[in-house]
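Since the structure comes first, as structure tokens, the remarks are kept for the end.
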Amino acid sequence: MSTPLLIRVLNGETPARPPVWFMRQAGRYLPEYRALRAQAPDFIAFCLNPEMAAEATLQPMRRFGFDAAIVFADILLIPGALGQKVWFEAGEGPRLGALPDIQAMRDLAPGAGQALSAVGQTLSLVRAALEPERALIGFAGAPWTVATYMLDGEARTIGKGERAQARTYAYAEPDKVAALLDVLVEATAHYLRMQQDAGAHVLKIFESWAEGLPDDLFQTLVLAPHQALIRRARELGVTVPIIGFPRGSAALAEGYARQAGCEGVALDTACPLEVGRRVQAIKPIQGALDPLLLRAGGPMLDRRIDQLKEAWGQGPWIFNLGHGILPDVPIDHVHQALKRIGAE
Ligand code: CP3
């Protein structure tokens, strides 16, 4: 009877208020997350422990009653499933070992779903605990974003923010990068299929590093691999709606919405409201409150939520941030945002 609001919006409906969830809604801004995390010093092992990961997924649901839960996992589980060493350095973020041989990764790609079946167990545990009106989101990193981490490997310090190492590689060794993207398309399609089977209502593709690409690279590194991934996932039996998130590429977002093949398009903080409106004429949209405004709170937070509502609230829109919640966001500000949008 109660189709989750999130699904209704992805079907093109405009409910009385938009569904709400926040990227990185499970995380260090929650004291209960910090307590759980303290029991699991190894972040990857934490992601692959279904009981703990399900608990982390459900913590923000209990506290805030978001309209969707996103499975607690990480985009960097896929390199691990392809035989690359991945670990998290405390206070520094992810580190990856040397890139494995391409043929070895190709051989492992079809088994990526099975290799990450722990994430499926997390999804099943969460699905069983979730009220029927809440949606469960599974996800994966997009091929290019995951490739940037894989290619940086141990040299991750080179050109940190701009993914300069990986992008230089995309120009200098286009065939090698294309081969890696192909392997990631195959592995990720199987991984998404496994997540659907385990209970995900919706799947999201995180392209965190679509930012700053010239349009020819956007075509070959972002758009074409998304098309290939979505096509392959459908071939493998994925039928649930897919949200694409080409972060930092508002100027190309309309073309993306038309061509990528996803059911919804997530917009980032810097996407102009007017561009969002044009994208929304093509596909349901998600976004795009500034995570720093959620940190700041106060009258500016209310004002911007009103602006978003006015610009996008007349069409299919999922209220979210433009990027993940920061670890120092006050919990009160999350309540303030939920109240302002009418979800609390
Ligand atoms: O609540 C959720 O949104 C679900 C869980 C989730 C995590 N990572 C948990 C996590 C999701 C959807 C991701 C995606 C992810 N992971 C992305 C794409 C989205 C984005 O933020 O652009 C990327 C680029 C990663 C890779 C990654 N994982 C980095 C760069 C880091 C370190 C940065 C940091 O905040 O420490 C992580 C770690 C990570 N993934 C944490 C969480 C909650 C923090 C780990 C901790 O508890 O110490």
Side-chain angles (χ1 to χ4, degrees), residues 20-49 52-64 66 68-80 86-96 116 119 122-123 126 135-150 152 156 160-161 163 166 188 191-192 195 200 202-212 243-249 266-270 286-288 291 294 318 320-329 334:
V20 188
W21 70 279
F22 287 160
M23 283 185 265
R24 288 275 178 97
Q25 62 192 16
R28 286 167 295 195
Y29 74 110
L30 295 175
E32 60 270 34
Y33 174 86
R34 294 194 297 270
L36 185 67
R37 180 78 168 81
Q39 299 168 34
D42 182 307
F43 180 68
I44 300 282
F46 180 32
C47 290
L48 295 176
N49 179 319
M52 291 182 97
E55 175 58 21
T57 308
L58 289 166
Q59 284 176 343
M61 301 305 291
R62 291 191 201 107
R63 197 185 260 274
F64 304 112
F66 287 117
I70 180 161
V71 67
F72 192 85
D74 199 86
I75 65 164
L76 297 177
L77 297 179
I78 282 282
V86 181
W87 70 102
F88 279 75
E89 218 60 69
E92 291 202 32
R95 290 292 159 102
L96 286 85
L116 298 176
V119 175
T122 305
L123 282 158
V126 173
L136 177 56
I137 304 171
F139 73 91
W144 167 243
T145 289
V146 175
T148 67
Y149 289 96
M150 295 178 79
D152 271 10
R156 170 129 162 69
K160 244 183 170 164
R163 322 311 289 156
T188 308
Y191 181 46
L192 292 176
Q195 293 188 60
V202 174
L203 298 165
K204 180 169 174 189
I205 302 170
F206 282 87
E207 188 76 276
S208 301
W209 297 110
E211 190 171 3
I243 301 174
F245 180 36
R247 187 172 77 85
S249 60
L267 305 169
D268 64 273
T269 306
Q286 172 181 291
L294 192 66
I318 300 157
N320 203 311
L321 303 176
H323 202 187
I325 283 196
L326 296 162
D328 58 355
V329 161
V334 177

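Because the structure is predicted, anything quoted here is derived from the model rather than measured. Counting convention: from 1, in listed order, for ligands and their atoms alike.
The shortest distance between side-chain heavy atoms of Tyr29 and Leu326 does not fall below 4.5 Å. In this structure the side chain of Met23 never reaches within 4.5 angstrom of the side chain of Arg247, judged on heavy atoms. Side-chain atoms of Leu123 and Leu136, non-hydrogen and from C-beta on, do get closer than 4.5 Å to each other.
Short contacts between ligand 1 and Ile70, defined as distances under 4.0 Å to a heavy atom of the residue, involve ligand atoms 1 (O), 2 (C), 3 (O), 4 (C), 12 (C). For ligand 1 and Ala73, the ligand atoms under 4.0 Å from any heavy atom of the residue are 5 (C), 6 (C), 7 (C), 8 (N), 9 (C). Numbered from 1 in the order shown, with element, the atoms of ligand 1 that lie under 4.0 Å from a heavy atom of His323 read 20 (C), 21 (O), 22 (O). Interface atoms of ligand 1 facing Ser208, defined by a heavy-atom separation under 4.0 Å, are 18 (C), 19 (C), 20 (C), 22 (O), 24 (C). The contact set between ligand 1 and Tyr149, taken as ligand atoms under 4.0 Å from a residue heavy atom, comprises 24 (C), 30 (C).
Not a single heavy atom of Gly324 sits under 4.0 Å from any atom of ligand 1. Within the structure, the closest approach of Phe88 to ligand 1 falls below 4.0 Å when heavy atoms are considered. Ligand 1 lies within reach of Tyr33, whose nearest heavy atom is under 4.0 Å from it.
In this structure, Phe43 and Phe72 have perpendicular ring planes: the angle between them is above 60°, well past the 30° mark. In this pair, Phe64 and Phe66 present their aromatic rings tilted. The plane angle is within the 30 to 60° band.
At least one donor-acceptor pair closer than 3.5 Å links the side chain of Thr145 to the backbone N or O of Ser208. Between the side chain of Asn320 and the backbone N or O of Trp21, at least one donor-acceptor pair lies under 3.5 Å.
Considering backbone and side-chain N/O of Ala26, one or more are found under 3.5 Å from N/O of ligand 1.
Contact check on Arg63 versus Glu32 returns a salt bridge, with a Lys/Arg side-chain nitrogen under 4.0 Å from an Asp/Glu carboxylate oxygen.
By the criterion of a heavy-atom distance under 4.0 Å, the backbone of Val71, and not its side chain, is placed next to ligand 1. Residue contacts with ligand 1, taken as heavy atom pairs separated by less than 4.0 Å, involve Met23 solely via the backbone atoms N, CA, C and O.
Nearest to atom 1 (O) of ligand 1 by heavy atom, out of Arg34, Gln25, Glu211, Arg37, is Gln25. When the options Leu76, Ile75, Asp268 are ranked by their closest heavy atom to atom 14 (C) of ligand 1, first place goes to Ile75. Evaluated by nearest non-hydrogen atom to atom 40 (N) of ligand 1, the leading choice among Leu321, Ile325, Asp74, Ile205 is Asp74.
Taking the ring centroids of Phe139 and Phe245, they lie at or beyond the 6.0 Å cut-off.
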